[in-house]
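Atoms within a ligand are numbered from 1 in the order they appear, just like the ligands themselves.
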Amino acid sequence: MLPEISTLARLEQLDAQTHQLQVRLTELPKILTAEKKAVEAKKKQVEDLQAQFAANEKERRQLEGDVQLRQTKLKKLKGQLEQASSEAQVTAFEHEIQFNTSEISKAEDRVLELMEQSETLEPQIKAEQATLAAAQKAGLEHFKAAEQEHKAGMAQIAQNATSVKELVAALDPKYAQLYERLRKKYKTGPILCEAIDGNCGVCQMALRLAFWQGVKAEPDKLWQCEECSRVLVYNPSVMLA
Ligand SMILES: [Zn+2]
């Protein structure tokens, strides 16, 4: 291989790495944002469960207070019933006693229901809180790692840019111009292509027979695909391997 083409291959490697890094560095904040959103959703879920738990406790306390009041009232009503002097009074007290007893029973049923609900909620909240804490911890670690990765990536991109500049400056101007031209045309893709079985390995165009024979006869000359202009690399030893 021509030393100039080796340099072009090295430039291509550097450019590909830089491009990969740029793509990754663009993706990083998106990945972090998605993770942050997931953590926020989990936090909201925990808060909703906690609100349910608080509402449950509040309702239970109210019902228990209500039951206590009705029980005091019942005691009083039973005393009044014993001292009732008319049939109408007896009926009225009995009616009220029945009403309060039924209300107490309803409240107690609801309290039991709420207690069952609360027994399910409590471990659920604990589990979700643990998941949230783990997600928050992981999020923080990922953020720190992303910061490091970003810093390292930026440094590598800068280093690659310097290496590219140095390699281009050392190249024969004809090749340097070729590189610049191809890089302008193919901003991120390959600028070298392997000639495989008489075809351009990148654009797949079949090479003219005479051209292909020329490539095989003089692989150390500069050949460019007539279709895509990329630099053809012919390496029979690699192809046999
Ligand atoms: Zn081509």
**OP:** Determine whether the side chains of D15 and Y186 contain a donor N or O and an acceptor N or O closer than 3.5 Å.
**Re:** no
Original post:
What is the number of protein N, O or S atoms that sit under 2.8 Å away from the Zn ion (ligand 1)?
Top reply: 4
Quick one: side chains of residues 162-173, donor-acceptor pairs under 3.5 Å with protein atoms, not counting sequence neighbours, listed by atom name and distance.
unit_1	atom_1	unit_2	atom_2	d
T162	OG1	A158	O	3.0
S163	OG	Q159	O	3.0
D172	OD1	K174	N	2.8

Original post:
Is any side-chain heavy atom of V233 closer than 4.5 Å to a side-chain heavy atom of C193?
Top reply: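 Counting from C-beta outward, V233 and C193 never come under 4.5 Å.
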Original post:
K106: what forms a side chain to side chain contact (heavy atoms under 4.5 Å, CB included) with it, not counting sequence neighbours?
Top reply: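 Scan of K106 (side chain to side chain contact (heavy atoms under 4.5 Å, CB included), adjacent residues dropped) gives S102, E103.
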Original post:
Would you say the side-chain atoms of E194 pair up with the backbone N or O of G201, donor to acceptor, closer than 3.5 Å?
Top reply: no
**OP:** Keeping to residues at least two apart or across chains, list the ring-ring contact (aromatic ring centres under 6.0 Å, His included) pairs with something in residues 128-158.
**Re:**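 Qualifying pairs: none.
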